[in-house]
Every structure is written in C-alpha cells, then in structure tokens.
Amino acid sequence: MSPGALLAVVRAPGGLGLADGERSWAVAASGVDAAAAALDRLERERSPRWVWWSAAEVLGALQAAGSPPRPARAWDLAAVHRLLEGGHDDGPAAVRAAAAGLDPARAPVPGQLDLGGTPDGGEVAAAGPAAAGDGDGPVRPDGHLSPDWVDGAWADSPARAARWAAVALETARLQERRLRAVAPAPAPAGGPRSTGGPSGTAGASGDPVQTAWSESAAAVLAVELAHGGLPLDAAEAARVVEGVVGPRPRDEAEAARQRAARDAPVLAALGVPDGALVRHDGGAGAPGSPVDLRSPAQVRRALHDVGLDLPDTRSWRLEGLAAEDGAHPALGALVAWRRAERFAVAHGYRWLDEAVRDGRLRAAWSASDGGAGRMTASAGLHNLPRELRVAVRAEPGRLLVRADLGQVEPRVLAVVSGDRALARAADADDLYSPVAARLGVAREVAKVAVLAAMYGQTSGAAGATLAAMERAYPVATGFLVDAARRGAAGEDVRTAGGRRVRVPAVEEVPVEAGAAAVDRERAARAARGRYARNAVVQGSAAELFKAWAATVRARLLASGDGEVVLCLHDELLLHVREDAAQDVAAGLARDLEAASARWCRAVARPPVRFTADVAVVERWSQAKG
DNA sequence: GACTCTACGTA
DNA sequence: CGTACGTAGAGTCA
C-alpha cells in the first residue's frame, strides 16, 4: 500500500471494520484503548488516507484513549458531502444517495421501515463489492443504503463492519467523481461572467480533490479541538467576570439582590419609582414591575415616557444619543447596564461553571457549519469578549502562538474573481494602499469601498467610491455583481473550492398582494443577493483558512511541538512547547505560503499573496487585536 | 414546549 | 437597505 491510499474504517463494538482497494476485513479491538492502538498501528504501517462516514463518529470516542490516534490524512464523507451539496443532513443515507446521484428524497431516514428496495425508474445501482449481494446487504437494489444498516445493523458482526467499511470506501470514490464534475474552471481572462450551473462553469481543472482533503482535515481538527479545549486560567477569568458583574453570588436570592442593585440606578434615571422592588425571576409582566430592563419593548416605552422616541433600543443608537450634549442621564446608565448584563448573561459565572473544566474551555466544534462553510464553535467560544482574552493563557512550559491572516477577504476576492489588478494590489503588505492610489482616494475610503462591495452595501459614504471600484477593478466587482444576481434569482452559488451554497428561493408575490408585499419580496431578493455575494468570498476564505490550519496541524503532528487550540475564522491560536515557540511561529508563515499557493492551484486561479501577523505570547490578550 | 423577535459578542 | 455565526431572555402561540 502506498502512502495516501484510501483505507476505510468504521468502529463497531468489537473492533474495526476496514476496507482498502482490494479487500475488506475486521480487526478485533474491544475498548477505546485497543481501538486507538489498532488505528495507530495502521497509521504507522500504511500512512493511509482514512475514509470515514465522519471523523466525529470514529475519532470522537477515541480521544479519551490514553494515546488517541492522530491521523494525518482523511476523506470525511460527511464533510465532502456538505461541500458538494450544502445543507445539513450529512448522515450515511443522504451522503450515499447524493454520491450515487440518486434522489435524496428516496433515501432511508433513520428509524424508517424499509418500504423501498425496488430500483427507481431509470436509476442504476452502483456497482462494486458493496452492491453485490444477498437481499440483506448494505445497499438496496435501487442503490440507496438499506435502512437496517443505516440504523446500525453494520455493527452486529465483524463481517458486517467490514462490509460497511467497503461501502464507505466506494462512496468516497463516487464523491471524488462528482467533485471533479463540479470543479469550477479558471476565471475567464476577459471577465467574470459565465454560464450554466451553480458553479458558473463546468469542466475540470485545478484539483478539486484538494478541497476535499483540507475539509476532511478540518473535520479531524474539529474533533481534536472539542476534546482538547482552549487553555483558560479559570481564576483569572473569574477575576475578569467579577470586575464587570460583581462578586459571585452564593445563592439565587443573592443573585436576585445583585440584579436588583444593578438595575436600580438605571430605573431611577428613567424615573421609574421603587425600582428596587422589581422582580427579575423570569416571570413576564411581574406585578409591581413597571419596567423590566431585559425587555427591549418595555425599555423603549420607558424611554418614550422620558421624551425619547426611538425606533429600537440597540446599544449603538443609545451610545450615539448618550454622547450628545444635554443627553438624558438614563441613556448612559442604560448603555453601561447593557454591557454588564450582557457579560453576566453570556460569559458570567454560569458560563464559567459550565464551559470551563480542568483549565480548558471546551466547546462543540463544527468544521463547516453555516451556509458558507465556516468553522463554528459553541460555548461562546467564537464571541469571547476581548476582556476575557487575558485569561486565555499558556500552561507552564508552554507558550501561545497566535497568527491571523491579513486582509484575507479582499485577497480571496482577487483569487476567486481572477482580477489581475486586485491580485497585484495583494502583493503589498497593505492591500488597501495600492487600491487607494488606483482609486485616487484616502486609504480609509478605499477600505470601506472594498468592504462595501463584498458585503453588498449600497448606502452611505461608500456609494460614490463603489463606482470608482467598478472602473478600477471590473473583474472583481463584476464577479460580485454576478454572484448577487444569482442569489437574487434564487440560484445556488459555489465557492472557489466548489462548496455549494444553497440560496433559499423567495416566494413570488402577485401584484394584487399589495405594495407592501411586493416591497417585502424585493427586499428578500436583495437580501439573498447580498448573502450570495458575501458567501462566495467568505466561504472561499474559509477554505483557504482550513487549508492553512490543516497544514499547520500536520506540521505540529510531525514535530510534536504542540497543538492547534483555536480557529477563529482568520485567526489561529497554537499551544506549543516553550522551546519550540519561535520555530513554530516562523513555520506559520511558510505554512501559509505553501497552503495558499496550493489552494490557488487547486482552485485553478493565478497565485495571490497572503500574509499573516504572527506573535508568540503567554496570554492571548498580549497579541495585537 | 416550540417558535419568533430583539439584542450583542466575535470574525 | 453591510455578511456570517451562537446565545439568551422576553414574548407569543399552542
């Protein structure tokens, strides 16, 4: 077996089911440690590209092993399915149906009785070892997976586990064929407009399989991030929380008193009598509770009663008014109250107790959630307030290496659109400087215009500069306009790496429905347009980021210098051995060069320069931010 | 109990 | 009438 050859694995109670290009077999391994050891041995002997229905399914439980496996290469069927199809159902039945080109509506849903089994009209069952069979095999005559097997019958015996692995292997091959079929062609030199299909153009070039590899690596990373967690000094975090929301209450009664004490000055400023008596135990419309500050509607009414008629009570609006001369004192009080309340609710003591264990902040990770395929995390990890970053701290003998991509979205726009002028601007450390020179405006104006183009903003100061953008960078702006047009029309779009971003259709409204309904429809189409316009950039940036993260993970794996502990859209945080930190930091830039060059080739676009800001620190807060 | 709305932290 | 996400509480409907 050559390194990188596909090797499918499933984990059953008694051991592993395995399949490579030649045969399928089972390895007995009862218990987490034995399974981890068996996987690890195969990793060392064969250096395969592991095929699994999902990294979480195989690796999740094995993270608890004394020596968890650290696979270098993977083909994650669920991750590749999400790449190809979008959507959320990435279980084996949906994955197999899509890979085999079958109607997903006919795929078995877990727990469903098998009422099907006869071939769909005109559809041909996939050939191969998995389909060969007895009437009780994993693949039905119509090509869909058998509901029994989807529901877990594959785990009943070692022989069945081996067959299930063979199905996984075959499904990976089917996915690879489909990937090549949807791969976007290079952006035409003459302009961005293209025809046909959500990808814009069909036809293989570049190397779409690379996206499958890095997305699969990100799925492995997600499992490791969920298990490893982010090093967090709980005592330091508690100090930060105390500074914002006050001391930790000993019981619910004390918590209620503290809440009332926080509310009192704001209620007084609003002229609400007897604020200290207000109940805040969750009861709506509590008696004797004239204003619940946690209710935006009640706050709005209270502000109206003191002469402030506002469309909403969002902080930025209150802050703006509070800064004016002669502002009502309630405004400033309310802004300060909101900040503390927000902190207490989202990142207060409850969060500390639930999310932090053994000095680690742990969250559930997804490698490609959301329409555009960004990584997501739970437990408030991706919206950790800056004040708390001081508590994200390397353990003794270790340091943090933090790196974030510079101006990643406009650089990605240069790649995906194939705009040569924007690509030249990306040669500069600060992309906005050459753009500003070309547009003949100040740097800040240029920056706003570029961002406005990518977000679909039409109002405000960016408007005038947008026209200059269109003249100076017609390929890039044309690409964005085209994506917005597709989105507004309800067509799906694809990222550079071929990720399908589903755009929900807008319900058509007859003219008779009235002007308001017609306006709503137009607004909904515009929103879809902005969504699609942004998704092709944001989603492509997510792919580049994951390619980088996968490269970094691979190097850390080989060196044993440390681990990735956080992925934050364009930022990586590594927890590494103190003596290796400088080497790791230097390697991050090289990894970015390698990953971005590979990514540009893979998506069949001219190379564009990417930059990263790298720092070695003890606390996350010490890095620029 | 499931859902929507408002709000707000991060990128 | 600038994108995405996760999360929470109030409020609504059943």
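Below, read A as the first sequence line, B as the second, and so on, with proteins coming before strands; counting in each chain starts at 1. Only a predicted model underlies this, so the values are computations on that prediction, with no experimental measurement involved.
Of the candidate nucleotides C:dG11, B:dA11, C:dT3, C:dT3 has the atom nearest to the side chain of A:Q538. The side chain of A:Y455 approaches C:dT3 more closely than any other nucleotide in the set C:dC1, B:dT6, C:dT3. Closest approach to the A:Q457 side chain among C:dG2, C:dA8, C:dT7 is made by C:dG2 (side chain taken as heavy atoms from C-beta onward). Comparing C:dA8, C:dT3, C:dG6 by their closest approach to the side chain of A:R350 singles out C:dA8. Ranking C:dA4, C:dT7, C:dT3 by closeness to the A:R374 side chain, first place goes to C:dA4. You'll find that the side chain of A:R530 is closest to C:dT3, out of C:dT3, C:dG6, C:dA8. With C:dA4, C:dG6, C:dA8 as the choices, the nucleotide that has an atom nearest any side-chain atom of A:T376 turns out to be C:dG6.
Using a 4.0 Å heavy-atom cutoff across all strands shown, A:R525 reaches no nucleic acid atom at all. At the heavy-atom level, A:A377 lies under 4.0 Å from the strands shown only through sugar-phosphate atoms. Heavy atoms of A:A535 sit nowhere under 4.0 angstrom from any nucleic acid atom. Counting non-hydrogen atoms under 4.0 angstrom, A:R339 reaches nothing in the nucleic acid.
Close to B:dA7, at under 4.0 Å from its OP1 or OP2, lies a side-chain N or O of A:R314. Contact check, A:S295 against B:dT6: no side-chain N or O comes under 4.0 Å of OP1 or OP2. Phosphate proximity of B:dT6 to A:T313: absent, as no side-chain N or O sits under 4.0 Å from OP1 or OP2. For B:dC8, the OP1/OP2 oxygens have no side-chain nitrogen or oxygen of A:R342 closer than 4.0 Å. Taking only side-chain nitrogens and oxygens, A:R386 comes nearer than 4.0 Å to OP1 or OP2 of B:dA11. Close to B:dT6, at under 4.0 Å from its OP1 or OP2, lies no side-chain N or O of A:R338.
The partner of B:dC8, taking Watson-Crick or G-U wobble pairs whose two distances both stay under 3.5 Å, is C:dG6.
By the 4.5 Å heavy-atom criterion applied to side chains, A:F610 and A:L544 are counted as neighbours.
Under the 3.5 Å distance criterion, the side-chain polar atoms of A:Y473 are left unmatched by any main-chain donor or acceptor of A:L422. The backbone N or O of A:P247 lies less than 3.5 Å from a partner atom in the side chain of A:Q258, making a donor-acceptor pair.
When each of A:V416, A:V415, A:L413, A:V408 is checked for a side chain to side chain contact (heavy atoms under 4.5 Å, CB included) with A:S540, only A:V416 meets the rule.
Closest of all the heavy-atom pairs between A:A302 and A:V291 is CB-CG2, 3.9 Å.
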